[in-house]
Structure formats: C-alpha cells, structure tokens
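Predicted, not measured: the structure shown is a model, and the values here were computed from it.
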Amino acid sequence: METLLSSRTLSPLLNLKTSYPKPQLRTNNISLPKPITCSLKTQQHSRSWLTNVQQGVAAVALSLALNFCPVIGNAVASEFDVLNEGPPKDSYVVDDANVLSKVTKADLKKLLSDLESRKNLKINFITVRKLTSKADAFEYADQVLEKWYPTVEEGSNKGIVVLVTSQKEGAITGGPAFIQAVGEGVLDATVTENLPVLATDEKYNEAIYSSATRLIAAIDGLPDPGGPKLQESKRESNYKTREETDEKRGQFVLVVGGLLVIAFVVPMAQYYAYVSKK
C-alpha cells in the first residue's frame with residue numbers, strides 16, 4: 001500500500017487541474033455586420049444642406065421684404081387713428097409723427113386759442129410720418145376736414161394744416177370762411193415755402209410755427225412776413241418722388257419674389273432629382 005500510494009504516484013492526479021488547456025476567446029468566427037451608417041449620414045447631410053440653404057434664402061427674402069417694403073399696417077393705422085379720434089379737445093395739434101417739442105405745442109395753443117377767441121376761426125395742425133391711403137397731403141387734408149366736420153356749417157370756419165415728414169410736403173385746406181379770411185395767395189405761399197422748405201431741413205417745429213404766424217397775420221390783415229426761400233435753405237431733391245418710389249418698390253418685389261422661388265422651388269427640384277436617381 002505504501003508503494004502504490006506513494007507521492008510519485010499521486011502527483012499526476014493532483015496536478016490534473018493544471019493540464020487542461022486555458023480557454024481562448026475566438027473572435028474569428030464572430031461576424032459582425034458592416035456599419036450602414038455611412039450612406040445614411042450622406043443622405044442626412046445632403047438633406048441638411050438643402051434645408052439650410054432653403055432656410056437661409058428664405059431668411060434673406062424676409063429680411064429684404066421687411067427692410068424695403070413699406071410697413072403698410074402701421075402707417076395706415078396711424079392715418080386712420082388721426083381721422084377716427086377727431087379734432088383735439090384740449091389743444092390744436094395732433095403730432096402723430098412725434099416731431100414737435102412741448103414748447104412749440106404750448107406756443108401754438110396760446111397763439112391759436114387767441115385767434116379763435118378773436119376771429120372765431122379754428123386752425124388744427126397735424127403731423128404724420130407717411131401717407132399710404134391717399135396720394136398726397138392735399139387729399140388727406142380734405143379727408144380730415146370732411147371727417148372731423150361733416151357739415152358745411154361745422155367746417156366753414158375751420159382750417160386744417162397737414163405736414164408729412166417723410167415726404168417733406170404739406171397741405172392746407174379749410175371751409176369757405178377760413179379760405180376767404182386767409183386768402184389764396186398766402187395759402188399757396190405757405191404750402192410751397194414754409195412747410196416743404198423747412199421740412200426738408202428737418203426743422204419741423206419752425207415749419208409749423210412759422211406757418212401758423214403767417215396764416216394769423218393774413219387773417220388779421222397784417223403784412224405778410226414771408227417764408228424761407230429755396231436758395232436760402234439750399235433745398236435739393238434729396239427725397240424720392242412718387243414715381244421713383246413706385247419704381248424702386250417694383251424692383252424690390254421682383255428681387256424678393258425671385259429669392260422666394262429659389263428658397264422653395266430649387267430645393268424641391270434638387271430633392272426630386274436626387275430621388276429619381278435612386
């Protein structure tokens with residue numbers, strides 16, 4: 001028994017655990033599918049590029065439309081606000097263009113209230129930034145007179161003076177009693193001298209106040225103080241005429257329309273061409 005169970009005989013049995021080969025990971029037989037994200041990324045990149053181009057061109061078109069096309073909603077609302085609110089109750093000025101100072105408004109109130117108490121003639125002064133509902137300041141002045149004083153009796157002794165700051169022009173209208181008291185000559189001179197010449201130099205306060213003093217002087221029978229001359233203010237045609245404005249507006253409409261076509265039609269055509277190739 002001692003011979004059979006000797007240490008030499010048992011040693012192979014004890015070392016059996018070390019004779020097993022170590023397990024090895026075989027990766028050769030595992031076949032992973034090839035990535036298919038490359039083509040998807042290409043398609044996504046192409047679509048993303050088309051989307052970015054479309055959005056960029058649309059943004060440019062919208063920017064041009066906002067910059068160059070007139071903001072009709074605000075302008076029209078401002079004009080009709082003046083019409084619908086009626087004549088001012090506590091003053092003689094509707095400064096919708098916000099170009100007159102408090103001092104000018106106070107001086108006008110003092111001057112015009114004295115005229116009304118003495119001569120029973122009332123003059124209202126209106127400033128607006130731009131006109132879109134009417135062709136010029138004269139049509140708008142007539143519209144204001146008819147809206148504020150719908151009958152001849154109400155409007156006979158009323159006068160309306162309008163100054164359009166963006167167009168640098170003005171207009172004066174009124175009822176029969178007002179026109180007769182001032183006279184056609186002074187009315188025409190005030191419209192062609194005081195209002196447009198000073199407005200061109202952006203002297204809106206002086207334009208309004210000098211017009212008021214000139215009209216009152218004519219009503220009181222005093223000598224005409226006159227108005228600024230064209231050569232004194234070095235007036236130039238630095239603002240566009242209505243024909244030039246319409247021409248520019250047509251050009252911008254064509255530009256914006258072309259950009260909108262590029263923004264929507266061209267990417268769609270490219271997409272359909274890409275799909276048809278597949």
Side-chain angles (χ1 to χ4, degrees), residues 66-109 111-112 122-150 155 158-175 178 182 187-188 190-215 227-228 233 235 237-246 248-249:
L66 292 177
N67 288 332
F68 297 115
C69 294
V71 187
I72 298 177
N74 293 336
V76 172
S78 176
E79 295 172 36
F80 283 101
D81 283 344
V82 174
L83 289 171
N84 295 328
E85 288 177 1
K89 298 179 180 179
D90 299 329
S91 68
Y92 299 83
V93 179
V94 178
D95 185 23
D96 187 72
N98 195 25
V99 294
L100 301 180
S101 65
K102 294 182 179 179
V103 175
T104 300
K105 293 178 181 179
D107 291 342
L108 286 173
K109 182 177 181 180
L111 199 66
L112 297 173
K122 182 176 182 179
I123 308 176
N124 291 305
F125 286 81
I126 302 171
T127 68
V128 292
R129 189 178 65 86
K130 65 187 301 184
L131 294 176
T132 57
S133 63
K134 292 297 178 182
D136 54 33
F138 287 98
E139 290 188 18
Y140 184 69
D142 289 336
Q143 185 181 20
V144 172
L145 181 65
E146 294 173 0
K147 178 71 174 180
W148 286 4
Y149 310 106
K158 306 299 190 304
I160 301 293
V161 181
V162 174
L163 176 63
V164 184
T165 59
S166 64
Q167 299 172 355
K168 305 295 188 293
E169 66 177 7
I172 302 176
T173 188
F178 171 77
V182 177
L187 289 174
D188 293 339
T190 305
V191 170
T192 56
E193 295 175 358
N194 297 75
L195 292 175
V197 174
L198 294 171
T200 299
D201 295 333
E202 296 186 355
K203 298 179 180 179
Y204 303 118
N205 290 275
E206 186 177 352
I208 294 296
Y209 190 78
S210 66
S211 298
T213 56
R214 192 170 188 178
L215 294 175
S233 66
R235 184 187 182 193
S237 180
N238 57 353
Y239 57 93
K240 297 181 178 63
T241 62
R242 184 169 297 275
E243 291 76 12
E244 293 174 342
T245 303
D246 293 339
K248 288 290 184 181
R249 186 177 301 174

Of all the heavy-atom pairs spanning [X] and [Y], show the shortest one and how long it is.
X: Ala199; Y: Ala207; value: N-CB, 4.4 Å
X: Val164; Y: Ala137; value: CG2-CB, 3.9 Å
X: Leu100; Y: Asn205; value: CA-OD1, 3.4 Å
X: Leu145; Y: Gly175; value: CD2-N, 4.1 Å

According to side-chain contact (heavy atoms from CB on, under 4.5 Å), who are the partners of [X], at least two apart in sequence or on a separate chain?
X: Glu146; result: none
X: Val94; result: Val82, Pro88, Ile126, Trp148
X: Glu85; result: Asp81
X: Asp107; result: Val103, Tyr209

In chain order, what residues pass the side chain to side chain donor-acceptor pair (under 3.5 Å) check against [X], with sequence neighbours excluded?
X: Asp188; result: none
X: Tyr149; result: Asn124
X: Thr213; result: none
X: Thr173; result: Asp142

So do [Y] and [X] actually touch side chain to side chain, heavy atoms under 4.5 Å?
X: Arg129; Y: Val99; value: no
X: Phe125; Y: Leu112; value: yes
X: Tyr92; Y: Leu111; value: no
X: Leu215; Y: Ile172; value: yes
X: Thr132; Y: Lys130; value: yes

Output yes when a side-chain donor or acceptor of Asp136 lies under 3.5 Å from a complementary backbone atom of Phe138, and no otherwise.
yes

Main chain of Leu198, side chain of Asn194: is a donor-acceptor contact present, judged purely on distance under 3.5 Å?
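It does not hold such a pair.
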
Let me confirm one number: the CD1-CD1 distance from Ile160 to Ile123, rounded to the nearest 0.5 Å.
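Result: 9.5 Å between the selected atoms.
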
Evaluate the side chain to side chain contact (heavy atoms under 4.5 Å, CB included) criterion for residues Tyr204 and Thr165: first the C-alpha distance (whole Å), next the side-chain angles of each, then the deciding distance (0.1 Å), finally the verdict.
CA-CA 8 Å; Tyr204 303 118; Thr165 59; 3.9 Å; yes

Taking only residues two or more places apart in sequence or in another chain, which ones pass salt bridge (charged side-chain N to carboxylate O under 4.0 Å, His left out) with Lys122?
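For Lys122, no residue satisfies salt bridge (charged side-chain N to carboxylate O under 4.0 Å, His left out) once neighbours in sequence are set aside.
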
